[in-house]
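Remarks on the structure that follows.
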Amino acid sequence: AGDELQGVISGIMEMADGIAITKADGDNIRASKQARTEYANAAHLFPPSPSGWLPQVSTCSSMKQEGLQEIWDQITQYQQHTQTNGYFLAKRKSQNMQWMQESISLYLEDHFYQHAGVSEELASLDQALQEGAITGLGAARRLISRFEAYKNRWRASGLYCSCLIA
């Protein structure tokens, strides 16, 4: 369990721009301060992030309203840092491309699986796959072929229209 926890902590530290240890009040004060020290020490072991920002580690208590302003200040400092060095805009452009691709994939997948012919044949292909009567690639080709035939019939009829995601 210890190695797994170290792996999780390592992954978090590599991705995090900041860490807020919450519930730093009551019986948790000592443990939260210790955790803050451990995370802050661990942050120095990792290479600099692409943004050039060193993750900050803070403690806070919403019950006592402590540490919240410090966390907000760190967020605004990070934003200023990444806007100044151009990372913020570059990351946003990359995210926009990713969001576009995900939106297209979800739209196409949704239309594919909602197609009556695909959903009908999917059940029988599932059984054929389980029995080894068809390969995964063969099943996919049949479903795509059925979907494409449907699209082509609608196009030929003149009733086909494409939709845009707003």
Side-chain angles (χ1 to χ4, degrees), residues 1-116 118-119 121-123 125-127 129-130 135-137 139-141 143-144 147 162-166:
D3 289 342
E4 290 176 23
L5 180 58
Q6 286 301 100
V8 169
I9 291 171
S10 174
I12 291 170
M13 293 302 295
E14 288 180 18
M15 293 184 329
D17 297 314
I19 297 176
I21 300 166
T22 61
K23 297 181 175 72
D25 48 40
D27 294 339
N28 292 330
I29 292 174
R30 185 173 178 207
S32 63
K33 286 181 179 179
Q34 181 179 353
R36 181 191 180 283
T37 300
E38 290 175 12
Y39 277 111
N41 289 337
H44 296 285
L45 300 175
F46 294 95
S49 69
S51 69
W53 178 258
L54 182 63
Q56 307 292 307
V57 183
S58 303
T59 59
C60 66
S61 167
S62 61
M63 296 285 289
K64 295 176 108 182
Q65 296 294 300
E66 294 177 350
L68 302 175
Q69 185 60 50
E70 178 186 352
I71 292 169
W72 184 251
D73 292 344
Q74 289 173 5
I75 292 169
T76 56
Q77 289 168 7
Y78 173 80
Q79 184 180 23
Q80 290 171 348
H81 173 80
T82 57
Q83 286 178 337
T84 300
N85 71 11
Y87 179 79
F88 188 90
L89 183 59
K91 183 71 172 177
R92 180 63 65 201
K93 288 178 181 179
S94 172
Q95 288 172 328
N96 280 330
M97 179 61 76
Q98 182 181 2
W99 294 332
M100 178 195 70
Q101 292 168 346
E102 287 174 4
S103 294
I104 291 168
S105 293
L106 289 171
Y107 175 84
L108 292 173
E109 183 178 356
D110 188 49
H111 277 73
F112 180 79
Y113 284 109
Q114 285 187 11
H115 177 266
V118 169
S119 60
E121 190 153 356
L122 193 56
L125 286 176
D126 182 45
Q127 185 170 346
L129 282 164
Q130 297 298 323
T135 66
L137 182 59
R141 285 183 176 155
L143 291 170
I144 291 169
F147 183 72
S162 60
C163 302
L164 296 176
I165 300 173

### Task
Name all residues meeting the ring-ring contact (aromatic ring centres under 6.0 Å, His included) criterion together with Phe112; count only those two or more places apart in sequence or in a different chain, and write none if there are none.
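With sequence neighbours excluded, Phe112 shows a ring-ring contact (aromatic ring centres under 6.0 Å, His included) to Phe147, given in chain and number order.
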Interatomic distance, [X] atom [atom1] to [Y] atom [atom2] [nearest 0.5 angstrom]:
X	Y	atom1	atom2	value
Ser61	Ile29	OG	CD1	8.0 Å
Thr82	Tyr87	OG1	OH	8.5 Å
Gln79	Asp17	CD	CG	12.0 Å
Ser49	Leu54	OG	CG	8.0 Å
Ser105	Asp110	OG	CG	12.0 Å

Could you check whether atom [atom1] of [X] has more than 12 heavy atoms from other residues, nucleotides or ligands sitting under 6.0 Å from it?
X	atom1	value
Met63	CE	no
Asp27	CG	no
Glu102	CD	yes

#### Entry: Backbone N/O of Val118 and side chain of Glu121: donor-acceptor pair under 3.5 Å
no
#### Entry: Donor-acceptor pair, side chain of His81 and main chain of Ser51, under 3.5 angstrom
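Judged by distance alone, yes, a pair lies under 3.5 Å.
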### Task
Check Asn41 against Leu45 and note the closest heavy-atom contact, atom names and distance.
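Scanning both residues completely, I find the closest heavy atoms to be O-CG, 3.8 Å.
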### Atom of Pro55, atom of Ala16 and distance for their closest heavy-atom approach
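So the two residues come closest at CG-O, 3.3 Å.
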Among all residues two or more places apart in sequence or in another chain, which pass the side-chain contact (heavy atoms from CB on, under 4.5 Å) test with [X]?
X	result
Leu137	Thr135, Arg141
Ile71	Ala20, Ser58, Cys60, Ile75
Gln95	Lys91, Arg92, Trp99
Ser32	Ile21, Ala24, Thr59

### Query
Are side-chain heavy atoms of Lys93 and Met97 found at a separation under 4.5 Å?
no
### Under the side-chain hydrogen bond (donor to acceptor under 3.5 Å, both in side chains) test, residues paired with Glu38 that sit two or more places apart
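Glu38 satisfies side-chain hydrogen bond (donor to acceptor under 3.5 Å, both in side chains) with Gln34 only.
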### Message
Below 30° counts as parallel, above 60° as perpendicular, anything between as tilted: where do the rings of Tyr78 and Trp53 land?
### Response
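Judged by the thresholds at 30° and 60°, the geometry between Tyr78 and Trp53 is perpendicular.
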### Query
Do Asp73 and Gln77 have side-chain N/O donor and acceptor atoms under 3.5 Å apart?
no
